[in-house]
Asker: 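Take this structure, written in structure tokens, and hold onto it; I'll ask about it next.
All chains are named by letter (A, B, ...) in the order of the sequence lines, taking the proteins before the strands, and each is independently numbered beginning at 1.
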Amino acid sequence: MKGIARKLGESRGEPEWLIELREEAESYISKAPFPLEIKPLELETYDPMGKGDVELPEIKSLDDIPDNIREMLIKMGVPEYEWQKILGLIQVDTSSQVTSFKEYFEKQGVVVMSLLDALKTYDWLQDYAFRLMPYKTNKFAAYHTAYWNGGIFMWIKEGAKIAYPLHTYFLITEGALAQADHALIIADKGAEATFVEGCTAPPLVRFSAHIGATEVYVKKNAKVKGIVLQNWPEYVNTRPYTNVQVEEGGEIEVAVAILGTGKSAGRYEEIHLKGKGAKATVHSISFVKREEYLDDVIKIYLEAEETSGLIQTKGVIRDKGISNSYTHIESDQGACFSKGHIECSGILLNSGGAHTTYPGVKSISPSSELTHEAYVGKISEDSLSYLMARGLSEEEAMALLVKGYIEPVTKHIPFEYLKEINRIAELVAKGGF
Amino acid sequence: MFEVKNLHVSIGETRKLRDINLNVKPGELHVIMGPNGSGKTTLAMALIGHPRYKIDTGKIILNGEDITGIPMHERTRKGLFLSFQHPVEIDSLRYLTFLLEALKKNGKSPDVEWIKRVFEKMGLSEEFLQRNVNSGFSGGEKKRAELAQMLLLSPKYAILDEPDTGVDVDSMKFIAGAINESLSRGTGIILITHYARILNEIGKGFHVHILAGGEIKAEGGPELAEKVEKQGFGE
């Protein structure tokens, strides 16, 4: 695949340093190892030039939606006003809308633009883009750095506090249908913002492999909340990775809902707490059903004094779903009086699937306190009977218990998505897929 | 009327109840007393339709309709209620969420203010509604919450499995109050108990059935309960 990286970079008019970085990464792909926790992909079989390998009809307006897709959207209960976004039509129809969004954001201290434009505009982004997950880390990072195409840059300027959630997915002007999109988010000193990535309905994608990446810089005393919603079509393999760096007094809170893994999903999230008192919280819920496969990796590194990390993961497994949850909190020498806790659990709704948790803690700092707990079980028969004796059918009882089980995670997710998530929880509980 | 006719019940291969007959009219209280292991809870579970309890022969009839074979949740929707001896703790479901759902399924209005009032009447503060179902409740609190559910669902017939076991004096008053209120509203009640104590709090005339070894051994009025209280179950 040599030479593609330069071609790709040049065709997009990228600065030389970026093209060189692409080339370095490209030459490293074959040498790079796959990450330990994540299922490998045969990357050679995918075309990095961005030609779609899945036949999708051309959709220019809602009238062009094929019946099967229309049916799926209705079944998923997606409101019609979201269809345009899901189908990627927003790029075609509402580019002016994006522009007016931009102006609106800028007034409030938020810079939103395509990553490529940002890299051409701001030289200093050299120190940020592609730095948190160096391409040498693993094969996916190398592949992504070499062939990324499309993405978004969001910069919340110093002290800006944004009350409404920023939708990265819908704002990606050139990348909604990209194979390896890259989001770069910088929350400057004291800034506060919430980001929403993805949507609750499966997007229509042209590629059977997606290797996206997100880099988040949380500066001193900044607070960032991230909502990640993933629901991939069944023909897609995804390997998204997210890297976050938090400075002194900064906070990152992430809520992840994996509603559909596609053919296989390997989600990798790594958070580094670099400054005193920095905090990270990750709540994750995943539904793994039919023949879906998930590797969910969440790691928090406590690298300064009084830092703290919390990870809570919950899996709901049905049919032949396979779910692996890898969680890790590690404190290094400087992390005096740091704290970390991991809580992982899973429930199997029927037999045929599997849920495995690998919670791990590691400390080399004597004053650091790290704990974890884990369990995998099923919905208790007694709970089911109790609810049935109160007039709920077995399916209704199951759905209510599943919704109750995920509530500690879903309470961190904005209201407008909860309806969809609960609907999916119900479908999974009732075996409606 | 709620009728139990010649009911024989097994758990697995073991016959637990033989030839049970009961006729309960609206607003009537039927007390079932008996020593440990006499089959009291088996009777309660069989009547509500728990799948682990197999009805070998006999019939359960609710207002003329044979409900012997229908699933538990449908019996409940038709107006039958069971207050469990050991209400299960569900650590991942809020009491209020559960109650709203149960009310909806039973065709009652899911009115939060009304739920709060009924809980308060049972000596349970609002805070219990925010907790998970029975999670960390004391014995008395669990039973009071069960009877609060009875008041909310106002069933045609209610089976109360030892609502007075393991509760303190205060709880006993709340529980007796709920029973009296339901009776006066016309709910027919089958009260399973070890002790005659609770009956002192219930003013009405009632029927007593003594269950022992899986069979009803004696039947009578309040005097029979008194006799049992003094002499034990004996023969």
Asker: Are there over 12 heavy-atom neighbours, none belonging to A:K320, within less than 6.0 Å of that residue's NZ?
Answerer: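 12 or below, so no.
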Asker: Crowded around A:K299 NZ? As in, over 12 foreign heavy atoms under 6.0 Å?
Answerer: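 Counting other residues, nucleotides and ligands, NZ of A:K299 exceeds 12 neighbours.
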Asker: In Å, rounded to the nearest 0.5 Å, how long is the span from OG of A:S393 to CE of B:M72?
Answerer: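 One gets 11.0 Å once the value is rounded to the nearest 0.5 Å.
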Asker: Please say whether more than 12 non-hydrogen atoms of neighbouring residues, nucleotides or ligands are located less than 6.0 Å from CD in A:E394.
Answerer: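 Open: at most 12 neighbouring heavy atoms sit under 6.0 Å from CD of A:E394.
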Asker: Answer yes or no: are there more than 12 heavy-atom neighbours, outside B:Q130 itself, under 6.0 Å from its atom CD?
Answerer: yes
Asker: For the residue pair B:L153 and A:R390, what are the closest heavy atoms and their distance?
Answerer: CD1-CD, 4.2 Å
Asker: Taking every heavy-atom pair that is under 4.5 Å apart, which of B:K78, B:R94, B:R75, B:R77 has the most such pairs with chain A?
Answerer: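 Of B:K78, B:R94, B:R75, B:R77, B:R77 has the most heavy-atom pairs under 4.5 Å with chain A.
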Asker: Rounded to the nearest 0.5 Å, what separation is found between the CG atom of A:D382 and the NE2 atom of B:H86?
Answerer: 11.0 Å
Asker: Given side chains that start at C-beta, do those of B:H50 and A:S385 come closer than 4.5 Å, heavy atoms only?
Answerer: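 The answer is yes; the side chains approach within 4.5 Å.
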Asker: Is the NZ atom of B:K108 crowded by more than 12 outside heavy atoms at less than 6.0 Å?
Answerer: yes
Asker: If you draw a 6.0 Å radius around NZ in A:K279, do more than 12 non-hydrogen atoms from other residues or ligands fall strictly inside?
Answerer: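 No, NZ of A:K279 has 12 or fewer neighbouring heavy atoms, counting only those of other groups under 6.0 Å.
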Asker: Of all the heavy-atom pairs spanning A:G391 and B:K105, show the shortest one and how long it is.
Answerer: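 That would be O-CB, 3.5 Å.
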Asker: Which residues in residues 395-405 of chain A have a heavy atom less than 4.5 Å from any heavy atom of chain B?
Answerer: A:E396, A:L400, A:L401, A:G404, A:Y405
Asker: Measure the CD-OG distance between B:E89 and A:S383 for me, rounded to the nearest 0.5 Å.
Answerer: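 OG of A:S383 is found 10.0 Å from CD of B:E89.
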Asker: So which atom in A:M388 and which in B:T76 form the shortest heavy-atom distance, rounded to 0.1 Å?
Answerer: O-OG1, 3.9 Å
Asker: Any side-chain heavy atom of B:V133 sitting closer than 4.5 Å to one from A:L387?
Answerer: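 The answer is no, as the side chains (C-beta and beyond) never meet within the 4.5 Å cut-off.
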Asker: With a 6.0 Å cut-off (strictly less than), is the heavy-atom count around CD of A:E234, excluding the residue itself, greater than 12?
Answerer: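 12 or below, so no.
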Asker: Under a 4.5 Å heavy-atom cut-off, does chain A meet the side chain of B:E74, its backbone, both or neither?
Answerer: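 For B:E74, there is no contact with chain A at all, as no heavy atom is under 4.5 Å.
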Asker: Output the distance between atom CD (A:E381) and atom CZ (B:R52), rounded to the nearest 0.5 Å.
Answerer: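 The CD atom of A:E381 sits 7.5 Å away from the CZ atom of B:R52.
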